[in-house]
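Got a structure for you, questions after.
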Amino acid sequence: MNPLHPLQSTPGAEPSGTPEAGPTSGAAPFGTPACPPEAAGLRERVAAFVRERVLPSEPVLDAGGPAARAELGRLKSEAQQAGLWALPLPVEYGGQGLPLSRYAHLAEAEGASDHGPAALGSASLLDVLMLGRHATDAVRERFLPRIAAGELRTCYAMTEPDTPGTDPALTATRAEAGPGGTWTLHGRKWFITGAGEADLVTVLARTGDDLSLFLVPTATPGFRVVRELPVLGVGGQWEIALDGVVVPPDHVVGERGTALRIAGERLRLGRVLRCLRWLGQAERAFGLMCARARSRTQASGPLADRQLVQQLVFDALLAIRTTRPLVYEAVARLAAGDDARLETGLAKVAAARMLQQVADAAIQVHGAAGLGPDTALPGLFRTGRAARLLDGPDELHIAAVARRVLRDYDAAW
């Protein structure tokens, strides 16, 4: 079993309800990766689901509220009926057990929409793996099947308003030991994806001189959603307060003091999954740009005939094509259980920059239409800009990779 990504499946097996994988039908987009034959058919089915069902629902899903919850519930039901639900989640919790090496190609297709992973049941992957590996037996039995089924929503609370997110050792949220092995949590966390509607939140807190993780049901007295934090004008991130939240002893995730090791495990896989999804979003922006260049005509002729537009198309394709091998190198190392810190750092910075560049180029080709509500481009550009801060800013990864290279450098001349 791979210590970093223990998703297991029978070699050569396909998830239940899916046909034998075969070559994708039709012409593939210019940026699409060479997908292995055993995953190609399934990737096309996932891509079609996102394209035909998720993308048309984005306006409702983006708006949030009861209508969005109902729409997401409908999409989840359709994904389950189509045999596409929870593809990378472990079989023992109700998933289909695709290993990372195969799921990576599907993650790109899912990621074309921010809502794709939630609609297809893979959004909970990091929490399911973390709790499956480190939670107590009681917590696993009580929560994991319901999380995998999409009945319970989870989130992860690490960063704080007054503490640099790049230095978790400065965490101020504290957990105080109480009677019977209970813990009482005090503190604030922010920029937590999905906290406004979550049922469970994993909280990083200080336990004396060390750091530990706690699984907190959001219905617990003392848990409070403080406010939503719009990112470049759009919601989805939240700030929470923990005012004397009491956590039972079996809700400690892992051993006391092991939070940073567990968080590192989670972050490495999480960063790679984000990179894969950013590739999918860049492909979407690239497709919109090419369609616009071919269809938009000015007095002097089609935009596609303009050299400056051709330059934007070339540079965008080059960015996608040169980023993808870095991402899949990180995937391969994680899937093999190898140290992937350098590869993950390179992939994360490259993918974030690439998405911002491609989305910006697509907006430029669209002109004013690319700034308005009639295309997905404003959202894709927002994601690209935020990507350069999510899971650590570019500067953090640049410095970490450079230090590692210089430390291990052995002159060959």
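Start at 1 with the first residue, then count along the sequence.
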### Message
Please determine whether a side-chain nitrogen of the Lys or Arg among Glu255 and Arg261 lies less than 4.0 Å from a carboxylate oxygen of the Asp or Glu.
### Response
no
### Query
Considering only heavy atoms from C-beta outward, does the side chain of Lys348 approach that of Trp278 to under 4.5 Å?
yes
### Task
Might you point out which heavy atoms bring Leu204 and Ala259 nearest each other, and give the distance in Å?
CD1-CB, 3.4 Å
### Message
Can you give me the closest heavy-atom contact between Ile398 and Arg353, atom names plus distance?
### Response
CD1-NH2, 3.6 Å
### Query
Tell me, do Glu265 and Met130 make a side-chain contact under 4.5 Å, heavy atoms counted?
no
### Query
Has Arg51 got more than 12 heavy atoms of other residues, nucleotides or ligands less than 6.0 Å from its CZ?
yes
### Task
Please tell me if the side chains of Leu120 and Leu87 come closer than 4.5 Å, counting only heavy atoms from C-beta onward.
no
### Task
Kindly write out the residues that satisfy side chain to side chain donor-acceptor pair (under 3.5 Å) with Thr383, not counting sequence neighbours, or none if the list is empty.
none
### Task
Kindly determine whether Leu269 and Leu100 satisfy side chain to side chain contact (heavy atoms under 4.5 Å, CB included), including the steps that lead there.
CA-CA 10 Å; Leu269 178 57; Leu100 178 60; 4.1 Å; yes
### Query
Do you know which two heavy atoms are closest between Ala316 and Met289, and how far apart they sit?
CB-CE, 3.5 Å
### Query
Can you tell me if CG on Asp167 sees more than 12 non-hydrogen neighbours from other groups inside 6.0 Å?
yes
### The single option from Leu131, Thr154, Leu200 passing side chain to side chain contact (heavy atoms under 4.5 Å, CB included) against Phe143
Leu200
### Query
OG1 of Thr163 to CE of Met158: how many Å apart, nearest 0.5 Å?
11.0 Å
### Query
Just by modelled atom types, is the Val234 backbone N or O under 3.5 Å from a matching donor or acceptor in the Glu228 side chain?
no
### Query
Which value, rounded to the nearest 0.5 Å, describes the distance between Ile363 atom CD1 and Thr375 atom OG1?
7.0 Å
### Message
Applying side chain to side chain contact (heavy atoms under 4.5 Å, CB included), can you list everything that pairs with Cys155, at least two apart in sequence or on another chain?
### Response
Ile192, Ala195, Ala198, Val201
### Message
Test: ring-ring contact (aromatic ring centres under 6.0 Å, His included). Region: residues 40-92. Which pairs qualify, not counting sequence neighbours?
### Response
none
Side-chain donor-acceptor distances from residues 174-182 under 3.5 Å, at least two apart:
residue, atom, partner, partner atom, Å
Arg174, NE, Glu176, OE2, 2.9
Thr182, OG1, Pro179, O, 2.9

### Message
Under 4.0 Å between a side-chain nitrogen and a carboxylate oxygen: does that hold for Glu58 and Arg53?
### Response
no
### Task
Name all residues meeting the side chain to side chain donor-acceptor pair (under 3.5 Å) criterion together with Thr193; count only those two or more places apart in sequence or in a different chain, and write none if there are none.
Gln237
### Message
Under the rule for ring pair (Phe, Tyr, Trp, His ring centres under 6.0 Å), what residues qualify as partners of Trp190, not counting sequence neighbours?
### Response
none
### Query
Taking all non-hydrogen atoms of both residues, which atom of Val253 and which atom of Leu215 are closest, and how far apart?
CG2-N, 4.0 Å
### Query
If you measure from the Lys or Arg side-chain nitrogens to the Asp or Glu carboxylate oxygens, is any gap between Asp391 and Arg274 under 4.0 Å?
yes
#### Entry: Check: Arg324 and Tyr328 side chains under 4.5 Å, non-hydrogen atoms
yes
### Query
Are any of the side-chain heavy atoms of Leu89 and Tyr93 separated by less than 4.5 Å?
no
#### Entry: Leu279 and Val327: CA distance, side-chain angles, deciding distance, side chain to side chain contact (heavy atoms under 4.5 Å, CB included) verdict
CA-CA 9 Å; Leu279 281 168; Val327 176; 4.0 Å; yes
### Any Phe286 side-chain heavy atom under 4.5 Å of Ile320 side chain
yes
### Query
With the threshold set at 4.0 Å, does a side-chain nitrogen-carboxylate oxygen contact exist between Arg74 and Glu78?
yes
### Query
What pairs of residues pass the ring-ring contact (aromatic ring centres under 6.0 Å, His included) test when at least one of them lies in residues 210-231, not counting sequence neighbours?
Trp183-Phe214
### Task
Would you give the length of the straight line joining atom CG of Leu276 to atom CD of Glu108, rounded to the nearest 0.5 angstrom?
6.0 Å
### Query
Got a second to check how far Leu106's CG is from Leu84's CG, nearest 0.5 Å?
8.5 Å
### Query
Considering residues at least two apart in sequence or located in another chain, which fulfil the side chain to side chain contact (heavy atoms under 4.5 Å, CB included) criterion with Pro117?
Glu110, Ser122, Ala123, Arg277
### Message
Quick check on Glu151: does its CD atom have over 12 non-hydrogen neighbours (other residues, nucleotides or ligands) under 6.0 Å away?
### Response
yes
### Residue that, paired with Tyr103, satisfies side chain to side chain contact (heavy atoms under 4.5 Å, CB included) out of Leu42, Leu125, Val46
Leu125
### Task
Output yes when Arg266 and Asp127 qualify as a salt bridge under the 4.0 Å nitrogen-oxygen rule, no when they do not.
yes
### N/O donor-acceptor pair under 3.5 Å between Ser124 side chain and Ala148 backbone
no
### Task
Give every residue pair that meets the salt bridge (charged side-chain N to carboxylate O under 4.0 Å, His left out) criterion with at least one member in residues 370-387, sequence neighbours excluded.
none
Can you give each donor-acceptor pair under 3.5 Å made by side-chain atoms of residues 239-249, sequence neighbours left out, with the distance rounded to 0.1 Å?
residue, atom, partner, partner atom, Å
Glu239, OE1, Arg227, NE, 2.6
Glu239, OE1, Arg227, NH2, 3.1
Glu239, OE2, Arg188, NE, 3.1
Glu239, OE2, Arg188, NH2, 3.1
Asp243, OD2, Arg224, NE, 3.4
Asp243, OD2, Arg224, NH2, 3.3

### Taking every non-hydrogen atom, the tightest pair across His366 and Arg292
O-NH2, 3.0 Å
### Query
Which heavy-atom pair separates Leu170 from Pro164 by the least distance, and what is that distance?
CD1-CD, 4.1 Å
#### Entry: Flag for Asp360-Gln364: side-chain donor and acceptor within less than 3.5 Å
no
### Task
Answer yes when Asp339 and Arg404 have at least one side-chain N-carboxylate O distance shorter than 4.0 Å, and no when they do not.
yes
### Query
Any donor and acceptor pair, going by atom type alone, linking the side chain of Arg153 with main-chain N or O of Asp199 inside 3.5 Å?
no
### Message
So does Ala352 get a backbone contact from the side chain of Arg388, meaning a donor-acceptor N/O pair under 3.5 Å?
### Response
no
### Task
Applying side chain to side chain donor-acceptor pair (under 3.5 Å), name anything that partners Asp137, two or more places apart in sequence or on another chain.
Arg140
### pair Pro217-His251: side-chain heavy atoms closer than 4.5 Å
yes
### Query
Thr173: what forms a side chain to side chain donor-acceptor pair (under 3.5 Å) with it, not counting sequence neighbours?
Glu160
### Query
Atom CD1 in Ile147, atom CZ in Arg142: separation rounded to 0.5 Å?
11.0 Å
### Exam field: side chain Thr171 to backbone Pro168, donor-acceptor pair closer than 3.5 Å
yes
### Message
Within this structure, what is the OG-CZ distance for the pair Ser212 and Arg256, rounded to the nearest 0.5 Å?
### Response
6.0 Å
#### Entry: Heavy-atom donor-acceptor pair, Thr344 side chain to Ala340 backbone, under 3.5 Å
yes
